[in-house]
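The structure presented is a predicted model; accordingly, all values stated were derived computationally and were not measured. Here is the naming used below: chain letters follow the sequence lines, and residue numbers restart at 1 for every chain.
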There are 2 protein chains.
Amino acid sequence: MAIRQKNDTGDLPLDVILDGDCVARMNALPENSVDLIFADPPYNLQLKGELHRPDNSKVDAVDDHWDRFNSFNSYDKFSREWLAAARRLLKPNGAIWVIGSYHNIFRVGSALQDAGFWILNDVVWRKSNPMPNFRGKRLTNAHETMIWAAKSDTAKYTFNYEALKALNEGVQMRSDWVLPICNGNERLKDDNGDKAHPTQKPESLLHRVLIGSTKPGDVVLDPFFGTGTTGAVAKRLGRHYIGIEREAAYRKVAEKRLAAIKRYDRDALEVSTSKRAEPRVAFGTLVERGLLRVGAELRSLNGRHKAKVRADGTLVAFDTKGSIHQVGAALEGAPSCNGWTYWTFKRSGDWVPIDLLRQQIRAEMAPA
Amino acid sequence: MAIRQKNDTGDLPLDVILDGDCVARMNALPENSVDLIFADPPYNLQLKGELHRPDNSKVDAVDDHWDRFNSFNSYDKFSREWLAAARRLLKPNGAIWVIGSYHNIFRVGSALQDAGFWILNDVVWRKSNPMPNFRGKRLTNAHETMIWAAKSDTAKYTFNYEALKALNEGVQMRSDWVLPICNGNERLKDDNGDKAHPTQKPESLLHRVLIGSTKPGDVVLDPFFGTGTTGAVAKRLGRHYIGIEREAAYRKVAEKRLAAIKRYDRDALEVSTSKRAEPRVAFGTLVERGLLRVGAELRSLNGRHKAKVRADGTLVAFDTKGSIHQVGAALEGAPSCNGWTYWTFKRSGDWVPIDLLRQQIRAEMAPA
DNA sequence: TTAGCATATGAATCTCCTC
DNA sequence: TGAGGAGATTCATATGCTA
């Protein structure tokens, strides 16, 4: 039985999943009644042919009917409509999060601004394990973008600065979040053992969103509920959720998922932290950053070999080209070589290991 | 004295800084003549009263009734105008990069798509040393967004995949780039010792952009040249630059900066190339040259299949005949197959890939 | 039991040349 | 201009099988 909360303009059903069209559903709810909206709308990917991995396996593309739009115009119309309904529903001090990729996020961001929302941050979800670009034709698409916006430029939105700082090992939370994609046990499966939803978001992402921008007891609405990640995290964190989902199959999975979720005890909300590994530094970074000049000469530690630095961070020595490790190994006739300790460069008259420059970069990357 | 390059439609001034309005300047240059455009447009969208029209006049903001819609409208008009001029100027296989923050990037991204550009990636510049958010009211704004787009969805844009992979320690380059902001010695100062430009970009950022998406000798245009970071990196990397900058003070700093830049040695500018650039070798050549005997047996790398070499350079395996690729694909039930790496032949008791023989032929073909 | 190897897969706008 | 053929191309995880 759904809890109901009395509002100025009527009743708001809480902790429920509603079916049907999200615009109609939102318009049927009382205005100015929701604290936060998290929206993961269709991305309008516009995929054409099939794509195979180098091992010839086929990539399971997002080709679902709900992601197909005829044009940017029809996608913009769709965005304006659901954003208007979302805006009506939000309390004056409420906020909205929208997630997307380069296919749609510029459209959505513009529509959001046109509707009068006030952008607070754009937040980059940097995926620690994205799918690579198999054909080597573009950069690995390794991130998605979220927009966090208040209802107006004067709204007093919720921002739990200290909680996010604590989540981030005592350092102010930045606008780029490194989190793994949703897979393994967390990834919901259907009766056939296939993924229940093509684009399930990781709970860690919603955890950070809700910890940072809601209070316990707040009402969080997700108009594109899918398999209910927003609801699951909200319930666990002691927030109320309202999900809207058109597809019966997704609703069914979400209902089952949510029934099994238990709210955290307050003391369980503390986050554990882990020691971070030494960040890896690419040799090319030294070149890009100007710490090593393109064309500079490097010498081996034993003084027997030399090489020249190229613009892409590779070395050339006589007829050998490659990474600092490859060229070192080739010149020494060795199976492998740690180029960082093998090569030296000239600084103030002395030949010193290039590893010193790596340490310098790492020092800059480290938290204060 | 500026170099000039003869084009179909007229002369293109190279390695120069042009003054005046960028739209008018671009429209005065020959169409389809530029390989790459890097643009860092102004985005003072929400600094009330500081919005610039294309003619550099300021929009009069009414303090109490500031009209967001009008402001976005005039910014969009500005974006459409300079993007149209940029598009005209680009070669059909040229590309554009635009950088911005959440204040303007959604507007620019939408305008870019509306103008017909085809987005290839959005790239996040993740600042390793951003300015913190002092008031603790939002997340640290620790990144900026770049959009990389081709002139059309069928364009053959330049992408030096192997060079970027080499810059990234042998791992495919991702869409998130960690680089420090421009400060220290690199940050240009004016005569008073103040920073010469408020948003000077780091050369490392441009290094990666130009290494990844241009070739030596390409023409790179920057319509918002500022103090000339694009030109500085282009010159060093052996690319031509054209800068357009309206402010005399910035031009002056840029001129001095560029005069001091020296180009890297030519051999340092060579970057790692892909196998696609290697000369093509027909499998039949191996047979003709006697490197593989007619009737010799080949085995698949996984050991599951075998085939026999025929006199015309095709293979036969049971009822399947055809090229090394076709037979491999048929036997594996795969949509395609690279026969060079799929098939092995027996040499001195070991089964080794036939690709070794191709490499042998290529070595003989290569200049000494 | 476990280490090691093979296999599976994730919001993807993913080729190019010749006839 | 379209069809067909050559042949280039992947990173981080999770799971399951084998020795």
Between [options], spot the one nearest the side chain of [X], thanks.
| X | options | result |
| --- | --- | --- |
| B:Q326 | C:dT13, C:dA11, D:dA6 | D:dA6 |
| A:H103 | C:dA11, D:dT15, C:dA12 | C:dA12 |
| B:W340 | D:dG7, C:dG10, C:dA11 | D:dG7 |
| A:L45 | C:dA11, D:dT9, D:dG5 | C:dA11 |
| A:T199 | C:dT13, D:dT9, C:dA11 | C:dA11 |

Considering heavy-atom distances to DNA chain D, does A:H52 or A:N183 have its closest nucleotide positioned more toward the 5' end?
-> A:H52
Taking the nucleotide of DNA chain D with the closest heavy atom to each, which residue, B:G339 or A:G184, is nearer the 5' end?
->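 Closest to the 5' end, via its nearest nucleotide, is B:G339.
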5' priority, DNA chain C, between A:D194 and A:N133 [closest heavy atom] |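 Between the two, 5'-proximity favours A:D194.
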So [X], base contact, sugar-phosphate only, or nothing? Heavy-atom distance under 4.0 Å.
| X | result |
| --- | --- |
| B:R358 | sugar-phosphate |
| A:C182 | nothing |
| A:P41 | base |
| A:E144 | base |
| B:E162 | sugar-phosphate |
| A:Q46 | base |
| A:G49 | base |
| B:I119 | base |
| B:N168 | nothing |
| A:P180 | nothing |

Considering just the side-chain nitrogens and oxygens of [X], establish if one lies under 4.0 Å of OP1 or OP2 belonging to [N].
| X | N | value |
| --- | --- | --- |
| A:R187 | C:dA11 | yes |
| B:S323 | D:dA6 | yes |
| B:Y157 | C:dC16 | no |
| A:K137 | C:dC16 | yes |
| A:N141 | C:dA11 | no |
| B:Y161 | D:dT9 | no |
| A:K195 | C:dG10 | yes |
| A:R135 | C:dT15 | yes |
| B:H325 | D:dG7 | yes |
| B:K165 | D:dT10 | yes |
| B:R280 | D:dG5 | no |
| B:N338 | D:dA8 | yes |

Determine if the base of C:dT13 is syn or anti; take syn to mean the glycosidic torsion is within 90° of 0.
->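 In terms of base orientation relative to the sugar, C:dT13 is syn.
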Rounded to whole Å, how long is the line connecting atom [atom1] of [X] with atom [atom2] of [N]?
| X | N | atom1 | atom2 | result |
| --- | --- | --- | --- | --- |
| B:W148 | C:dC14 | CH2 | C1' | 11 Å |
| A:E50 | C:dC14 | CD | P | 13 Å |
| A:D60 | C:dA12 | CG | P | 9 Å |
| A:R107 | C:dT13 | CZ | C1' | 14 Å |
| A:W125 | C:dA11 | CH2 | P | 7 Å |
| B:K275 | D:dG7 | NZ | C1' | 10 Å |
| B:R276 | D:dG5 | CZ | P | 20 Å |
| A:N56 | C:dT7 | CG | P | 13 Å |

Do the charged groups of [X] and [Y] touch, with an N to O distance under 4.0 Å?
| X | Y | value |
| --- | --- | --- |
| B:D153 | A:K48 | yes |
| A:E81 | A:K77 | yes |
| B:R276 | B:E162 | no |
| B:K346 | B:E297 | no |
| B:E270 | A:K321 | yes |
| A:D194 | A:K189 | no |
| B:R126 | B:D176 | no |

If we only count heavy atoms from C-beta on, is the B:Y342 to B:H305 side-chain gap below 4.5 Å?
->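 SC-SC contact between B:Y342 and B:H305 confirmed.
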Test of ring centre spacing under 6.0 Å for A:Y75 and A:F72 = no
C:dC14 pyrimidine/purine six-ring stacking with A:F134, under 5.5 Å and 30° |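 Here A:F134 fails the 5.5 Å or the 30° condition.
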Could a donor-acceptor pair under 3.5 angstrom be found where the side chain of B:S336 meets the base of D:dA6?
->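 Checked by distance alone, the answer is no.
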Do the side chain of A:R53 and the base of C:dG10 come within less than 3.5 angstrom through a donor-acceptor pair of N or O atoms?
-> yes
Report the residue from B:N32, B:D35, B:D218 that forms a side chain to side chain donor-acceptor pair (under 3.5 Å) with B:K91.
-> B:D35
For nucleotides [N] and [M], find the distance between their [atom1] atoms and express it as a whole number of Å.
| N | M | atom1 | value |
| --- | --- | --- | --- |
| C:dT1 | D:dT18 | C1' | 13 Å |
| C:dG10 | C:dC14 | C1' | 15 Å |
| D:dT10 | C:dA8 | C1' | 13 Å |
| D:dG7 | C:dT13 | P | 27 Å |

Measure across B:F106 and A:S110 and return the closest heavy-atom pair with its distance rounded to 0.1 Å.
-> O-OG, 2.9 Å
Dot-bracket for DNA chain D: what is it, with Watson-Crick or G-U pairs under 3.5 Å, [ ] where a pair crosses earlier ones, and | for a pair to another strand?
-> .|||||....|||||||||
In terms of ring plane angle, is the pair A:W97 and A:W177 parallel, tilted or perpendicular, where the classes change at 30° and 60°?
->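 It falls in the tilted class, 30° to 60°.
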